[in-house]
Novice: 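Just dropping this structure here.
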Amino acid sequence: MPPPSAPPVQAEAVGPAAVVVVASDIQAGSSSGDRLRLVTSNLAQREGAIATLLPGDVAARGLASEYAGSFARTWGRLPGVLAAPGNHDYLVPGAAPFKAYFAANRTYRSRNLGRWHLVVLDSETATGVGSAQYAWLKADLAASANRPILAVIHRPRYASVYGDDVAEQPLVDLLVAAQADVLVAGHEHAYQRLGRVGGVLMVTDTTAGLTPRTLSTLDPHVVKAVSATGYLRISLTDTGYTLQLKDTAGVVRDSVSAPVHHQP
């Protein structure tokens with residue numbers, strides 16, 4: 001059976017630079033309260049972002065009340081939210097409240113932002129070569145050839161805390177073949193920037209809503225690690241990008257810039 005055709009994606013015209021913010025492991029509704037979520041989301045609101053990417057664990061227990069309550073009054077205020085689910089979002093079978101809140105009939109989606117193609121993937125469901133997600137991503141990337149690509153997923157392919165997620169390698173292979181530019185994950189509650197893997201900059205985002213984890217050992221791929229609650233600010237242009245980690249004081253703790261693979 002042939003793979004499904006890629007769904008239509010939204011396109012937005014942007015100026016010389018478009019700002020995207022990325023917040024992982026918000027864990028809305030967690031016992032720690034909203035203080036850190038409010039601090040990070042208030043700072044992010046000042047970035048002038050036109051899109052917000054969430055690499056999973058949006059809610060602590062995956063409950064409808066957590067999305068409608070804690071998330072809505074913090075990071076839910078940000079524009080253009082495109083969310084990937086994490087393992088906490090799946091604590092309710094099928095991530096049903098996640099899907100209902102984000103009006104998502106499936107948990108992997110994409111959209112265009114100017115020249116850029118934004119992709120959210122689901123590490124908590126089948127990711128193998130024969131899976132529906134693999135077939136969708138293959139078709140989606142083929143339909144978006146020659147665009148710069150920014151993707152997010154919850155579990156990092158290479159991890160310092162929970163171990164490498166080998167199961168998602170088929171999706172990573174597709175991104176590498178498409179010459180994707182950036183892949184951001186979460187899950188580890190500590191920022192880690194890896195060297196480029198197959199030409200793709202891999203970053204594990206920190207937590208935007210919890211106390212960060214201190215890393216005692218690092219995966220061999222990691223070239224920079226920071227223990228700080230915060231979020232990512234990514235400035236996208238037609239020809240390149242700048243990715244920054246910002247902490248709860250608004251201080252830039254890491255920054256990397258690069259040209260995109262697919263130039264205009």
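A quick note: this is a predicted structure, and the numbers were derived from the prediction, not measured. The analysis underlying the following values was restricted to heavy atoms, covering all of them including side chains, and did not include hydrogens, waters or symmetry mates.
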Novice: L243 pairs by side-chain contact (heavy atoms from CB on, under 4.5 Å) with which of V22, V182, L150, V20?
Specialist: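 Output: one option passes, namely V182.
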Novice: Any idea which heavy atoms bring A23 and P55 closest together, and the distance?
Specialist: O-CD, 3.2 Å
Novice: Establish whether Y101 and V152 are linked, either directly or via other cluster members, by ILVMFWY side-chain heavy-atom contacts under 4.5 Å.
Specialist: no
Novice: Scan H189, R193, E188 and name whichever one has a side-chain contact (heavy atoms from CB on, under 4.5 Å) with Y191.
Specialist: R193
Novice: Identify the two heavy atoms, one from S257 and one from T242, that lie closest to each other, and give their separation to 0.1 Å.
Specialist: OG-OG1, 2.7 Å
Novice: Identify the heavy atoms of T40 and A208 that sit nearest to each other, and give their distance.
Specialist: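 Nearest heavy atoms, T40 then A208: OG1-O, 2.7 Å.
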Novice: For D140 and S110, which I'm curious about, is there any donor-acceptor pair between the side chains at under 3.5 Å?
Specialist: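 The criterion, which ignores hydrogens and geometry beyond distance, is satisfied for S110 and D140.
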Novice: For residues 47-63, pull every pair meeting side chain to side chain donor-acceptor pair (under 3.5 Å), keeping only residues two or more places apart or in separate chains.
Specialist: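 Qualifying pairs: E47-Y231, E47-R233, E47-K246, D57-H154, R61-E66.
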Novice: Do we see a donor-acceptor contact under 3.5 Å between the side chains of T107 and D122?
Specialist: yes
Novice: Does a side-chain N-to-carboxylate-O contact under 4.0 Å join R115 and D238?
Specialist: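 Salt bridge: no.
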Novice: Any idea how W136 and Y108 line up, ring-wise: parallel (<30°), tilted (30 to 60°), or perpendicular (>60°)?
Specialist: tilted
Novice: Mind checking the OG-CG spacing from S160 to L215? Nearest 0.5 Å is all I need.
Specialist: 5.5 Å
Novice: How about D89 and Y67: does a side-chain donor come under 3.5 Å of a side-chain acceptor?
Specialist: yes
